[in-house]
Structures are given as structure tokens and as C-alpha cells.
K.L.:
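Attaching a single structure in C-alpha cells format; questions to follow.
Predicted model, so just to flag it, every value in this text is computed and none were measured.
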Amino acid sequence: MRFRVIDLETTGFEPPAEIIEIGRSDLVWDSNGITIEPPMAWLYRPLNGIPPETMAVHHLTEADFGPQTPVCTPGRLQAAIAHGTPADVLVAHNCEFERKFITSAATGTSPWICTWKVALHTWPDAPRHGNQVLRYWRGLSLDPALAMPPHRAGPDAWVTAHLLGELLKETTVDQMIAWTNAPRHMPVITFGMHKGSAWSALPIDYLQWMVQQATMDADAVWHAKQELARRL
């Protein structure tokens, strides 16, 4: 199987923010074991500038883009994803973000794996589940020339590909896809006055309040509804 790990750098958290960098690293899993191919990346010129708070994350500034740098059109996005040998599965760390920008128009029916969601299930004892935290927690020794700097699309895709390799040792592809398509694993509530409490320990009036909040985290609402249904 060929897994195409994708990472994006953008001018904001959701469209109409623009994609300004795409990184990719393919993991190939066959009878010879796991091979992770070096990352590749493409820069795309923003048409509407880059906010300073976004520059502070990936450190891409408008000086990094010349007048000949292409803009990320739908066609170029699709070409960057499809370039080379076709992939069986697309992968990203917290792929909900990537999928805001990469729609099925660019990917067709290819399934996705979210390594963040999978790691929440597989490694519940990790101190945190960001890809750089997991990189060091798992003791991955990666070539700095390919893995650095963090928050750039090529290096982040390379790190995530190695995390995927670790996850493949512990769970199945079908299970990863199922976890990706389900609400994220939350054995305890992660915010508010009851932070750290199991769902079964929450007062029923608090659960009822949660499900009525339009701006509440959707996965938390799902878990609250599941707990309310369990008590009926």
C-alpha cells in the first residue's frame, strides 16, 4: 500500500485563507516492510497577504514568494496531490484541517487517515498528541535536513510519515480509517470546570447544558450525547 502523507501551510485556519505550501511524504508498505520516501514541497504565492500571527507559526513571509511563484489554483492543488505513483490512502496529522482546503474534487474517493485521532486511541499515555511531541516521545531519530524546521510542510509531512510507520506496527489500516471517520477519542473531558473527569462522573445537568451550546466542540457534544443516552 502507498500512503501519501500531506501537510499544508496556509494564511489562516480555514478558507478563504490560501494555501501557501504543500508538503508530501509517501510511506510504502509492502512485503519488504515500510519505506518512507523523502518529502517534497511546493510554495504558492498568496494573493491576499499573510497575517503576522500566521507568519509566526511557519515563518513564511511574502519575501519568500517571487512574482513567478505560482498561485495555488484547484488544478495545481490536485496535481501536487496526484503527482507520481497513485496513493491508496491519504494521511495528515489532524486531517480535519487539511480537508478544509483539500476537498474530494482534488482527492476523489481516496480514504483519509488522521494520525492525531489514531494516536489518541493508540497512545493514550503520550504527554500530548502534536506530531512534534509524539516524534520525541516515540524516540524517533530523524535526519534534521529532512525533519526541520517544524511547521514547514515538507518537514512536518516527513515527521508524520514516521509516526504513521509507528502506528502501523500497532493497529490496522481499517481501524485507523474508522477512527478517522469517528469523533475523536475523549475518555475524559478536556476543558471547563470538570476537566479531567470521566464522562460517567459528570452531572447530568452539565451534560444537558453542553449539548445545547451551538459553539461547543462537536466531538465533546457527541460524547455528552452518548453519555446521556447511556443513562436513559
K.L.:
Check the side chains of E170 and W123 for a donor-acceptor pair under 3.5 angstrom, ignoring hydrogens and angles.
P.N.:
yes
K.L.:
Without swapping roles, check the side chain of R24 against the backbone of R4 for a donor-acceptor pair under 3.5 Å.
P.N.:
no
K.L.:
On a heavy-atom basis, which atom in A41 and which in E21 lie closest, and how many Å separate them?
P.N.:
CB-OE2, 4.0 Å
K.L.:
Heavy atoms, side chains only, cut-off 4.5 Å: are V173 and L168 in contact?
P.N.:
yes
K.L.:
Please find the pair of heavy atoms, one from N131 and one from H93, that lie closest to each other, and give the distance.
P.N.:
N-NE2, 3.3 Å
K.L.:
For residues P46 and I20, report the shortest heavy-atom separation together with the two atoms involved.
P.N.:
CB-CG2, 3.7 Å
K.L.:
Considering residues, nucleotides and ligands other than K225, do more than 12 of their heavy atoms fall under 6.0 Å from its NZ?
P.N.:
no
K.L.:
Can you give me the closest heavy-atom contact between C95 and W112, atom names plus distance?
P.N.:
CB-CE3, 3.8 Å
K.L.:
Is there a donor-acceptor contact under 3.5 Å from the side chain of D64 to the main chain of T61?
P.N.:
yes
K.L.:
Are the side chain of S25 and the backbone N or O of E37 linked by a donor-acceptor pair below 3.5 Å?
P.N.:
yes
K.L.:
Quick one: closest heavy-atom pair of R2 and D26, and the distance?
P.N.:
NH1-OD2, 2.9 Å
K.L.:
Looking at K169 and E166, is there a salt bridge between them, counting it only when a charged N and a carboxylate O are closer than 4.0 Å?
P.N.:
yes
K.L.:
Please give me the minimum heavy-atom distance between A87 and L90, naming the atom from each residue.
P.N.:
CB-CD2, 4.4 Å
K.L.:
With a 4.5 Å limit on heavy-atom distance, are the side chains of L134 and H129 in contact?
P.N.:
yes
K.L.:
With a 4.5 Å cut-off on side-chain heavy atoms, are Q175 and H121 touching?
P.N.:
no
K.L.:
Given 3.5 Å as the limit, does a donor-acceptor pair link the side chain of R138 with the main chain of H162, or not?
P.N.:
no
K.L.:
Is it true that atom CZ of F13 has more than 12 heavy atoms of other residues, nucleotides or ligands lying nearer than 6.0 Å?
P.N.:
no
K.L.:
Check T11, T10, I50 against E18 for a side chain to side chain contact (heavy atoms under 4.5 Å, CB included) and give me the one that passes.
P.N.:
T11
